[in-house]
2 protein chains.
Amino acid sequence: MISTTIENYIKAIFYLGETATNVTVSAVAERMQNSPASVSDMLRRLYEKGLIEDKNNITLTDQGSFLAKQIIRKHRLWETFLVKTLDFKWDEVHSIAEQLEHVQSSLLTERLARFLEYPETDPHGDPIPDKDGNFPDLSIIPLSESEPGKSYIFRSVATDAKDFLNHLDNKGLQLGQRWVIIEKEEFDGSVKLLVDDKNEVYLSEKVAKNLNICSGELD
Amino acid sequence: MISTTIENYIKAIFYLGETATNVTVSAVAERMQNSPASVSDMLRRLYEKGLIEDKNNITLTDQGSFLAKQIIRKHRLWETFLVKTLDFKWDEVHSIAEQLEHVQSSLLTERLARFLEYPETDPHGDPIPDKDGNFPDLSIIPLSESEPGKSYIFRSVATDAKDFLNHLDNKGLQLGQRWVIIEKEEFDGSVKLLVDDKNEVYLSEKVAKNLNICSGELD
DNA sequence: ATAAAATTTTAGACTAATCTAAATATTAAA
DNA sequence: TTTAATATTTAGATTAGTCTAAAATTTTAT
Ligand SMILES: [Mn+2]
Ligand SMILES: [Mn+2]
Ligand SMILES: [Mn+2]
Ligand SMILES: [Mn+2]
């Protein structure tokens, strides 16, 4: 059947396909922390299992794409469970969800979703696809596309790396906050925000690139 | 590290060690549904990892025993979660718990135990060891050791095989019921019960052997 | 005590997933 | 358009976990 290893490759290819125009062997190798030789070999197996379209053009088939979305659904539901039900912090849940996402039981997934009352987003603000693989539309934009002077709501983070989330905690940044853009520095991509009408926060480009917002004008 | 495969072997050896005087290669092979050759080979690896005492005398070391109890703790906590929190039936949870028991995070295990309010038994009445590996004493006896005319409480099942549990459901038997032993047939080991002062139920030896009770005289 | 039966181990092979090193192929530069 | 750099694939090994068939050992029966 489909091993945990294959599930992780499919997930990696799905994520890379979201941003990159064409997914490369070396990009998959980098993301999986494996050698390009191993990836090349694995792509042959993925093709034989009907999970990618072609060995040259690394694109998921419908079957592969559906599998990826199922795994992402499970990952995000479990992260939500860990934070909402078991009182974990948002920086503690990713590595546990990496294990739980491979548990195979669609009944379990659906019961979990029901218990959590069908959440649309996980603790990092990421959208949770429904059981058919449809993502809710959250109409978010990266902080880098914000306009100075305007007001936004902090909606999600683009990575759930522990040290990145800790950095946000230290700056007092939390999902759902109102952010008014005080100024954006063209030179280095840094951003200065007013958080909840109270604190001013400076963010480097490195951080700003991984924050997503949606428009949220004051009423 | 310790693979899922090794965890399953350790669990099998632990369970066999509970009943059998000495655990044999063929008994482990039978339980794991593997060939004796594979088991023999694996025992070498378990010994090298310090999980069994000896290649000849198949006994868990303290380390192996603790590992087994940890896995059993996780298995039974997850089964409890599935039934109590996600509304699964008692015959649906075993195979899912077989997967969940291998998730590695002691913090997760402890948070789950706390959420469930430190249950002493799982949905099949089996004792849940605490995090140090101590089992609660439930002082149960097999139904076969019951005395005619006396009253007992149905406490646990010795196996969680789906078809066995369905059979109990069909007979209307549930944990916690008061059973009065009407008669025991020496010849074939069958038992006749009065369940909750209402229904008479006949049980074959095959079924009776897998039911555990504790004394529960009427007050 | 020896033979027969059962159990266990070893030998050799296979698959999945990985690696390094070498060979190809592709892309970018000169 | 050749050459140089980069990317990918192939070749050959390795490890974990499994198998079957054969050899060795242990247990049971005569
Ligand atoms: Mn995550
Ligand atoms: Mn997340
Ligand atoms: Mn079970
Ligand atoms: Mn159980």
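Because the structure is a prediction, the values reported are computed rather than measured. Letters go in sequence order (proteins before strands), and every chain restarts at 1.
- Between B:Thr5 and the phosphate of D:dA16, there is no side-chain N or O to OP1/OP2 separation shorter than 4.0 Å.
- Side-chain N/O atoms of B:Asn34 include one lying less than 4.0 angstrom from OP1 or OP2 on D:dC19.
- Regarding A:Asn8, its CG atom lies at a distance of 14 Å from the C1' atom of C:dT18, rounded to whole Å.
- Distance, A:Asn56 CG to C:dT27 C1': 15 Å, rounded to whole Å.
- Projected onto DNA chain D by closest heavy-atom contact, B:Lys49 and B:Pro36 fall at different nucleotides, the more 5' of which corresponds to B:Lys49.
- Going from atom CD1 of B:Ile2 over to atom C1' of D:dA16 covers 13 Å, rounded to whole Å.
- For A:Ser35, counting side-chain heavy atoms from C-beta on, the closest listed nucleotide (C:dT20, D:dG17, C:dT9) is C:dT20.
- Within a 6.0 Å radius of NZ in B:Lys192, other residues, nucleotides and ligands contribute more than 12 heavy atoms.
- Listed pair B:Ser26 / C:dA6 fails the phosphate criterion, with no side-chain N or O lying under 4.0 Å from OP1 or OP2.
- When the C1' atom of D:dA16 is taken as reference, atom CE of B:Met42 falls 8 Å away, rounded to whole Å.
- Surrounding OH of B:Tyr47 are at most 12 heavy atoms belonging to other residues, nucleotides or ligands under 6.0 Å away.
- In this structure, CD of A:Glu30 is placed 14 Å from C1' of D:dA7, rounded to the nearest angstrom.
- Using a 4.0 Å cut-off, some side-chain N or O of A:Tyr9 falls inside it from OP1 or OP2 of C:dT18.
- Rounded to whole angstrom, the span from the CD1 atom of B:Ile58 across to the P atom of C:dT9 amounts to 7 Å.
- Going from atom NZ of A:Lys55 over to atom P of C:dA25 covers 14 Å, rounded to whole Å.
- The nucleotide whose nearest atom lies closest to any side-chain atom of B:Arg45 is, among C:dT18, D:dT9, D:dA16, D:dA16.
- Atom CG in B:Leu46 sits roughly 16 Å away from atom C1' in C:dT8 (whole-Å rounding).
- Of the candidate nucleotides C:dT8, D:dG17, D:dT9, C:dT8 has the atom lying nearest to any side-chain atom of B:Thr24.
- Of all nucleotides listed (C:dT9, D:dT18, D:dT8), D:dT18 comes nearest to the side chain of B:Asp41.
- Nearest nucleotide to the B:Ser38 side chain, out of D:dT18, D:dT8, D:dG17: D:dT18.
- Looking only at atom types and distance, the side chain of A:Ser35 has a donor-acceptor partner in the side chain of A:Ser38 under 3.5 Å away.
- Comment: B:Arg45 does not engage B:Glu48 in a salt bridge, judged by the lack of any side-chain N to carboxylate O separation of less than 4.0 angstrom.
- A donor-acceptor contact shorter than 3.5 Å links the side chain of B:Lys171 to the backbone of B:Tyr202.
- Distances were taken from every side-chain heavy atom of A:Ala37 (C-beta onward) to each of D:dA11, D:dT18, D:dT8; the shortest belongs to D:dA11.
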